Amino acid sequence: MADNETITRLKLLSSHSEAGNVRTFVFDTGGLTWTAGQAQAYTLPYLGEKEEDNQRWFTIASAPSEGEIHISTRISQSKFKQALSEMEVGDVIETHGLEGEFTWEEGSPERVVLVAGGIGITPFRSILKSRLSVGKRVDATLLYFNCDKDVPFQEELEAIRATHEELEIQIVIGEAVTADAILERAPQSALQVVYLSGPEPMVEKVGSELRDRGVRIKQDWFPGYDEKTY
Ligand SMILES: Cc1cc2nc3c(=O)[nH]c(=O)nc-3n(C[C@H](O)[C@H](O)[C@H](O)COP(=O)(O)OP(=O)(O)OC[C@H]3O[C@@H](n4cnc5c(N)ncnc54)[C@H](O)[C@@H]3O)c2cc1C
C-alpha cells in the first residue's frame, strides 16, 4: 500500500448519473488498496490559488473487489464540483491521504444499525459490496434517509436485499434525521452499535443525542452538506 501522503494519479474511466444531482465517477485504482469505508483527498490542480478550490475529500464508494475507485457526489455549483463534472475519460485526478476508521468492525455484535443521511450512503455501499464479495453476512438494519425520492443506489441496494435476508433496509424520504426517528425504526436488539454517516451538522447532533441515550456510535461526517442539501 502507498504511504498515505504519497500522491497517486487516477485516470477517469467513466462517469454516470446515479439519481437526482448525484453523479458517480469511476477511476482506475492507480495501484491503491483500501479498506471499505475509507476516504481520501482528491486534487484537481490549477483550479485556483487556494486549496479549498482545488481539493475535496471523498469516500471510496466502491469495494476493493470491484477493482475501480468510485466517488459519488452531489454536483453543486462549487468550482471543484463543476470542474469534476467536466472531466473527460482519460483525464487525471490526484489523490492522497487515504485514511478512516469508518470501517466494519469484525466481531461486531450480532446485529448493528447503519444510518445514512443522503450522500452519507457512500461508505455503506463500499462496506456492503466488500463483505458480500467474500461471502460474508451483513447482519444489519440500514436506515437510509434521503432528502427526496431520487435515492442514490436504491435499485442496487434492493437487489442486495433480495438475496440477503439478514440485511434489512428502510428508505425514509424527506424526513429529518433525528435520534427519535432512528430509535423508533431500529430493532432494539441491534442498538449496541450505530454506524452514522452523513452531513456534518446532522452527524454531530444525532450522534450526541444517541450517545446521551447510551448508544455506542461510529461516525463519519461530510462537511459541505446540511439538513437541506444532504
Ligand atoms: C472523510 C470525508 C469523506 C467524504 N465523503 C464524501 C462523499 O463520499 N461524497 C460527497 O459528496 N462528499 C463527501 N465528503 C464531503 C466533500 O469533501 C465536500 O465537502 C462536499 O461534497 C461538498 O463539496 P462542494 O464542493 O459541493 O461544496 P463546498 O464548496 O464545500 O460548498 C458548500 C456549499 O456552498 C455552495 N457553493 C460552493 N461554492 C459555490 C460557488 N462558487 N457558487 C455557488 N455556490 C457555491 C455549494 O453548492 C455547497 O452547497 C466527504 C468529506 C470527508 C471529510
Side-chain angles (χ1 to χ4, degrees), residues 4-5 8 10 12 15-27 29 32 34-64 66 68-87 93-104 114-130 142 144-148 150-154 156-157 177 195-204 207 217-230:
N4 94 339
E5 288 312 314
T8 304
L10 308 180
L12 185 72
S15 71
H16 57 269
S17 168
E18 209 59 72
N21 64 352
V22 175
R23 198 163 181 85
T24 292
F25 298 84
V26 178
F27 297 91
T29 67
L32 280 177
W34 67 99
T35 303
Q38 288 190 311
Q40 58 187 351
Y42 297 78
T43 310
L44 286 167
Y46 318 124
L47 270 186
E49 284 170 16
K50 292 174 283 177
E51 189 178 271
E52 67 191 65
D53 288 332
N54 299 340
Q55 187 174 296
R56 292 288 182 276
W57 280 75
F58 295 109
T59 305
I60 301 178
S62 47
E66 294 180 276
E68 296 167 337
I69 288 186
H70 296 195
I71 58 180
S72 298
T73 188
R74 294 197 184 278
I75 302 300
S76 68
Q77 290 306 310
S78 77
K79 231 176 180 177
F80 182 95
K81 296 280 181 79
Q82 289 298 308
L84 180 68
S85 52
E86 283 163 17
M87 281 183 75
I93 199 165
E94 291 183 351
T95 64
H96 76 277
L98 177 69
E99 64 176 30
E101 305 290 316
F102 196 74
T103 53
W104 186 267
L114 314 176
V115 179
I119 195 65
I121 192 69
T122 52
F124 296 131
R125 182 191 181 277
S126 178
I127 289 169
L128 293 180
K129 285 274 190 190
S130 167
L142 170 63
Y144 182 6
F145 294 79
N146 198 53
C147 54
D148 59 30
D150 295 320
V151 180
F153 310 118
Q154 181 165 3
E156 197 173 11
L157 291 169
V177 188
Y195 291 64
L196 179 59
S197 167
E200 191 167 22
M202 182 275 271
V203 169
E204 279 183 359
I217 305 291
K218 269 179 83 89
Q219 59 189 25
D220 203 13
W221 51 91
F222 296 1
Y225 290 106
D226 60 29
E227 314 239 334
K228 292 202 178 90
T229 59
Y230 66 100

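Heavy-atom basis, side chains included; hydrogens, waters and symmetry copies ignored. Counting starts at 1 for both ligands and their atoms, following the listed order. Only a predicted model underlies this, so the values are computations on that prediction, with no experimental measurement involved.
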Minimum heavy-atom distance P123-G37, with the two atoms named: CB-CA, 4.1 Å
What heavy-atom pair brings N146 and V151 nearest, and what distance separates the two atoms? ND2-CA, 3.7 Å
List the closest protein heavy-atom neighbour of [atom]: residue, atom name, distance to the nearest 0.1 Å.
| atom | result |
| --- | --- |
| atom 25 (O) of ligand 1 | S78 OG, 2.5 Å |
| atom 2 (C) of ligand 1 | W57 CB, 4.0 Å |
| atom 33 (C) of ligand 1 | G224 O, 4.2 Å |
| atom 26 (O) of ligand 1 | S76 OG, 2.6 Å |
| atom 29 (O) of ligand 1 | R56 NH2, 2.7 Å |
| atom 6 (C) of ligand 1 | F222 CE2, 3.4 Å |
| atom 44 (N) of ligand 1 | Q77 CB, 3.9 Å |
| atom 15 (C) of ligand 1 | P223 O, 3.5 Å |

Ligand 1-proximal atoms of I119, by part, heavy-atom distance under 4.0 Å: side chain
Which one holds for S72 and ligand 1: side chain close, backbone close, both close, or neither close, with close meaning a heavy atom under 4.0 Å? backbone
Mind checking whether Y230 and Y225 have ring centres under 6.0 Å apart? no
Would you say the rings of W104 and Y195 are close, in the sense that their centroids are separated by under 6.0 Å? yes
If the contact criterion is a heavy-atom separation under 4.0 Å, does [X] count as touching ligand 1?
| X | value |
| --- | --- |
| Y225 | yes |
| F80 | no |
| T229 | no |

With a 4.0 Å cut-off, strictly under, does atom 31 (O) of ligand 1 pick up any protein heavy atom? no
For atom 35 (C) of ligand 1, is the nearest protein heavy atom under 4.0 Å away? no
Does a donor on one side chain sit under 3.5 Å from an acceptor on the other, for R23 and S85? no
Would you tell me whether K81 and T73 have side-chain atoms, one donor and one acceptor, within less than 3.5 Å of each other? yes
Please lay out, stage by stage, how F102 and F124 fare under the test ring-ring contact (aromatic ring centres under 6.0 Å, His included). CA-CA 9 Å; F102 196 74; F124 296 131; 5.6 Å; yes
Give the numbers and elements of all ligand 1 atoms closer than 4.0 Å to a heavy atom of T122. 7 (C), 8 (O)
Can you name the atoms of ligand 1, numbered from 1 with element, that are less than 4.0 Å from a heavy atom of A39? 1 (C), 3 (C)
Test log, rule salt bridge (Lys or Arg N to Asp or Glu O under 4.0 Å), inputs R125 and E18: CA-CA 13 Å; R125 182 191 181 277; E18 209 59 72; over 6 Å; no
